[in-house]
Amino acid sequence: MNQPAVKLSLKDFASDQEVRWCPGCGDYAILKTIQKLMPELDRPRENQVFVSGIGCSSRFPYYMNTFGFHTIHGRAPAIATGVKLANEELDVWVITGDGDGFSIGGNHMLHVLRRNVDLQILLFNNEIYGLTKGQYSPTSASGTRSPSSPEGSIDMPLSPCEVALGAGGTFIARSIDTEAKHLSATVKRSHAHHGAAFVEILQNCPIYNDGIFDQVKDKKIAADFRVEVEHGEPLLFGKDKEKAIVLNRESLRLEVVAVAGNEDKILVHDEHNRVLAQLLAAMGGEGFPIAVGVLFSDSKSTFTEDTSAHLESVRKTGAALKDLLHSGHTWTVE
Amino acid sequence: MQLIRTLGHNNLMELADKQAPERHLDSKELVDVVVRFAGDSGDGMQLTGSNFTQATALHGNDLSTFPDFPAEIRAPVGATFGVSAFQIYFGAEDVTTAGDELDVLVAMNPAALITNLHNLVQGGLLIVDGGAFTAKNLTKAKYDSNPLEDGSLDGYRVLDIDISKQVLSAVESYDLGHKAALRCKNMWTLGLVLWLFDRDRHPIVDSLKAKFSGNPEIAGANVAALNAGHAYGETAELPAGIHVYKIPKAKVSPGTYRNITGTTALAWGLIAGSELANIDLLFASYPITPASNLLHELANRKQFRVNTYQAEDEIAAVCAAMGASFAGSLGVTSSAGPGIALKAEGMALGVAAELPLVIVNTQRGGPSTGLPTKTEQSDLNMALNGRHGDTPMPVLAAATPADCFEVAIEAVRLAIKYMTPVMLLSDGYLANAAEPWKIPDVDALEAFPVKHFDKPEGFKPSIRDSQTKARVWAKPGTPGLEHRIGGIERSFETGDISYDPANHQAMTDLRRDKVAGISADIPLQKVCLGNEEGSLAVVGWGSTYGAIHQAVKRARKLGLDVSHIHVRYIAPLPSNLGALLGKFDQILVPEMNTGQFVKLLRSEYLVPAESLSKVAGQPFKIGEILAAIQESFAESEGRAGASAAIGENS
């Protein structure tokens with residue numbers, strides 16, 4: 001029975017704990033959107049499990065009136081894998097951040113994606129360490145000034161969606177904390193996906209990294225800085241959808257062109273195309289918009305599914321401990 | 001008082017060597033014998049050894065075995081670092097170690113001889129494949145001259161046979177190539193040694209036929225080689241002093257037996273534990289020597305309620321196990337020292353979140369990569385204290401290969417009953433050593449079925465059993481029990497996050513008291529050999545059991561008032577252990593580390609326990625412990641004599 005007995009509402013998913021993020025934190029918006037989405041998923045509340053690591057985002061499970069496990073730094077994907085292996089019926093969500101998911105826990109992220117464990121992984125990317133008071137993170141832009149990089153960081157940042165694709169992820173999406181409608185639809189699709197679903201959520205930290213995503217969030221200019229991708233639809237952006245993305249077939253690079261006069265060349269999004277997904281995940285800066293939406297999805301059997309099938313086949317005949325202990329060579333002393 | 005004796009390169013080891021009991025290969029009936037088969041990695045010595053073990057078990061002797069593999073996966077042929085050996089100690093009395101000095105050494109090439117000869121007693125029997133002592137092989141083994149010709153083996157009984165030649169003639173009627181024919185060398189040798197100790201070879205013939213049922217030529221050739229080796233012993237004119245030896249049957253209690261290694265016993269104990277608890281078990285692990293075989297064994301046993309998961313690293317393994325426990329299964333993880341170190345943060349989360357978890361540490365030589373294929377007990381301090389914070393955890397240690405079965409069940413029982421991670425200590429010796437095991441009646445094992453909590457009315461994740469202090473196990477998927485747990489300190493009352501100072505004190509005390517309280521749920525410490533009070537108690541833990549047992553037995557035969565106490569429960573310790581130790585004048589604690597358990601006993605009970613420390617990557621020899629026992633008595637007599645003299649003068 002994988003449906004709730006009674007219809008649930010947002011309130012059913014809000015726990016009695018006081019939410020303790022800084023005023024203006026993007027996490028509030030994400031929490032509200034997820035709490036609101038949960039009843040729509042039409043799944044029993046007791047089957048929802050939120051697992052997190054350490055960091056601001058990782059407090060998320062405390063605020064959901066579901067099962068939750070706030071674990072240790074970077075290890076949520078590993079713990080969530082264990083939860084899912086123990087009970088396939090559960091909907092297991094991983095809540096992580098850029099430091100938790102791609103610095104201390106980077107290894108687990110690679111492996112949970114390549115194994116295609118059936119989880120929803122929501123990565124809140126604010127490009128900074130918040131809870132430890134503002135050090136640069138693995139997604140911070142080069143030159144980020146922080147308590148641990150007073151002259152500006154010299155590390156090259158990584159791109160979460162590109163890494164997730166490289167790791168063999170079967171569902172890669174990007175959304176924005178305050179874009180409730182877009183975020184809700186994206187997360188809903190991640191839940192429907194069969195396998196490891198990775199969603200990068202661009203999230204504002206008003207204290208240590210305020211405004212880094214303003215270009216893609218500010219209603220006045222966002223249309224020029226983001227392209228909302230949708231399977232089967234042309235890649236258009238700009239206030240009046242007057243700009244388009246095309247592929248230069250000689251350089252194998254994306255280019256921004258005016259729609260007028262290029263109608264036959266405009267790229268149409270194909271979310272099953274891994275190469276296109278890589279190009280879109282990497283896109284941004286120097287006149288290019290950032291791609292949001294489902295960049296890639298692929299249908300493959302999941303790790304837990306394959307495990308269950310294997311266990312079912314080896315357990316078909318049944319086994320007795322007594323037989324095991326007496327198997328092989330034995331002898332009897334009278 | 002000398003508080004620490006260190007074995008290694010000092011005189012205690014030499015003393016032990018001098019005290020090695022003389023062997024009498026002159027007599028035709030022996031109480032016990034130590035045999036070692038040594039050859040090149042490709043010579044099939046492990047198979048020879050296991051077949052000989054089978055024949056010896058059927059013969060009715062008690063026995064113990066230990067394989068000694070090279071660390072290299074494929075060493076060059078003839079190299080000293082490619083020598084693979086199998087040792088068996090068997091006899092008419094109880095046998096609890098694989099033996100000290102060798103009575104019989106089988107050396108299939110010069111490398112096997114040069115690496116093992118020092119263990120052979122003077123007058124011992126040396127069987128060599130003379131055909132393998134070529135100039136090339138002698139050079140590879142770094143011999144300047146051929147030991148078969150230069151008189152250096154004069155102190156031994158040498159049986160020099162060109163086994164290759166014998167084998168080729170024995171199997172010539174079979175359609176095998178030269179190389180495949182030579183592979184039967186080990187069976188020829190086995191046949192000879194079976195003759196030497198009057199063992200029935202027919203069960204081995206049957207098992208060879210079964211093993212090579214798909215290839216009758218190979219089966220036939222192996223059987224022919226086995227029979228030829230046996231016939232050689234019967235008919236050839238052997239040098240003086242080499243004849244058939246009879247070893248009377250050991251007195252063993254009736255029952256059905258099998259041979260078992262510590263690794264197999266531990267794996268089967270975990271399976272038994274999951275059945276007794278009526279729960280699914282997730283075994284999450286990452287490959288590491290010498291712990292990997294536990295993963296391999298369980299990976300082949302998924303027909304039971306066991307699933308195995310090879311994680312991406314040690315941390316992921318402990319975390320996946322913990323995730324499974326959170327979801328209502330029992331998580332088990334396993335590693336050796338360096339891997340256990342990586343799991344420390346995860347274990348502490350298990351303690352904080354109060355989830356059942358079993359962590360198996362198959363200890364090896366440390367620190368760092370250390371000696372991966374060698375045995376040691378140097379992770380005891382880490383097991384007890386190797387976590388941040390005040391993080392108490394029960395620690396159990398298995399004493400023998402067969403004991404691993406019971407200890408694994410006990411670890412599962414305690415983890416579930418007390419909602420706590422439990423550390424189970426094994427080591428490289430226990431993992432690979434084998435001994436006969438009287439197969440228990442599984443129906444007679446006491447079940448401890450898990451009952452997950454399922455009552456939503458008034459539910460809080462902090463509800464506890466008043467007696468065990470264990471938190472409820474409320475698994476996801478249970479309606480009305482939605483709750484959050486984690487590593488942040490939780491309120492004693494509600495289970496919600498709490499930074500309250502008094503609450504942290506209360507929770508710290510609770511975690512301590514919960515684990516300490518387990519002492520009321522475990523058996524009282526028994527004396528396993530000797531009196532309940534007296535002059536000297538030799539107190540051990542873990543795999544030193546066999547050597548201590550034999551040493552104490554021999555010391556008692558010499559008239560010394562010595563007892564053997566072996567501790568399985570290291571945290572918490574049995575409630576009567578302090579009082580028991582108080583009844584002995586002296587306490588000697590042999591362990592394969594620099595004195596970790598002895599310090600625990602001293603600090604817990606303020607007893608003047610002495611350490612007998614050996615950190616050589618090798619198990620204790622019986623003779624080493626016996627020598628230390630005798631030295632303890634000599635010292636105490638010396639002190640008694642000195643104080644008597646003072647008394648006279650005053």
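All values below come from the heavy atoms of this structure, side chains included, with hydrogens, waters and symmetry mates left out. A, B, ... follow the sequence lines: proteins, then strands. Residue 1 opens every chain.
With a threshold of 4.5 angstrom between heavy atoms, B:Phe326 approaches chain A through side-chain atoms but not through N, CA, C or O. The parts of B:Ala272 that come within reach of chain A are both its backbone and its side chain, each placing non-hydrogen atoms under 4.5 angstrom from that chain. With a threshold of 4.5 angstrom between heavy atoms, B:Leu481 approaches chain A through its backbone and through its side chain. Only the backbone of B:Lys475 comes within less than 4.5 Å of a heavy atom of chain A; no side-chain atom from C-beta onward does. In this structure, chain A has a heavy atom under 4.5 Å from the side chain of B:Leu355, while its backbone stays farther away. With a 4.5 Å cut-off on non-hydrogen atoms, B:Val306 touches chain A through its backbone but not through its side chain. With a 4.5 Å cut-off on non-hydrogen atoms, B:Ser207 does not touch chain A at all.
Distance check, rounded to the nearest 0.5 Å: CG of B:Asn259 to CH2 of A:Trp331 gives 5.0 Å. Considering CG of A:Leu324 and CZ of B:Arg301, their distance stands at 5.0 Å, rounded to 0.5 Å. For the atom pair CD (B:Glu312) and NE2 (A:His108), the distance works out to 6.0 Å, reported to the nearest 0.5 Å. Distance check, rounded to the nearest 0.5 Å: CG of B:Asn51 to NE2 of A:His329 gives 9.5 Å. Interatomic distance, B:Met322 CE to A:Thr71 OG1, rounded to the nearest 0.5 Å: 7.5 Å. Atom NE2 of B:His483 and atom CZ of A:Phe69 lie 9.0 Å apart (nearest 0.5 Å).
Crowding of A:Phe171 atom CZ: a count of heavy atoms from other residues, nucleotides or ligands under 6.0 Å exceeding 12.
Side-chain atoms of A:Gln48 and B:Pro476, non-hydrogen and from C-beta on, never get closer than 4.5 Å to each other. Contact check for B:Trp437 versus A:Leu325: side-chain heavy atoms found under the 4.5 Å cut-off. Using a 4.5 Å heavy-atom threshold, the side chains of A:Ile72 and B:Cys319 count as touching.
Listed by first and then second residue, the side-chain hydrogen bond (donor to acceptor under 3.5 Å, both in side chains) pairs involving residues 267-284 of chain B are B:Trp268-B:Glu297, B:Asn278-B:Arg305, B:Asp280-B:Arg305 (not counting sequence neighbours).
In terms of modelled atom types and a separation under 3.5 Å, the side chain of A:Arg315 and the main chain of B:Phe304 share a donor-acceptor contact.
No side-chain N or O of B:Thr256 forms a donor-acceptor pair with one of A:Thr330 less than 3.5 Å apart.
Of all non-hydrogen atoms in A:Asn65 and B:Arg484, the two that sit nearest each other are OD1-NH1, 3.4 Å.
Under the 30°/60° scheme for interplanar angles, the aromatic rings of B:Tyr309 and A:Phe303 are found to stand perpendicular.
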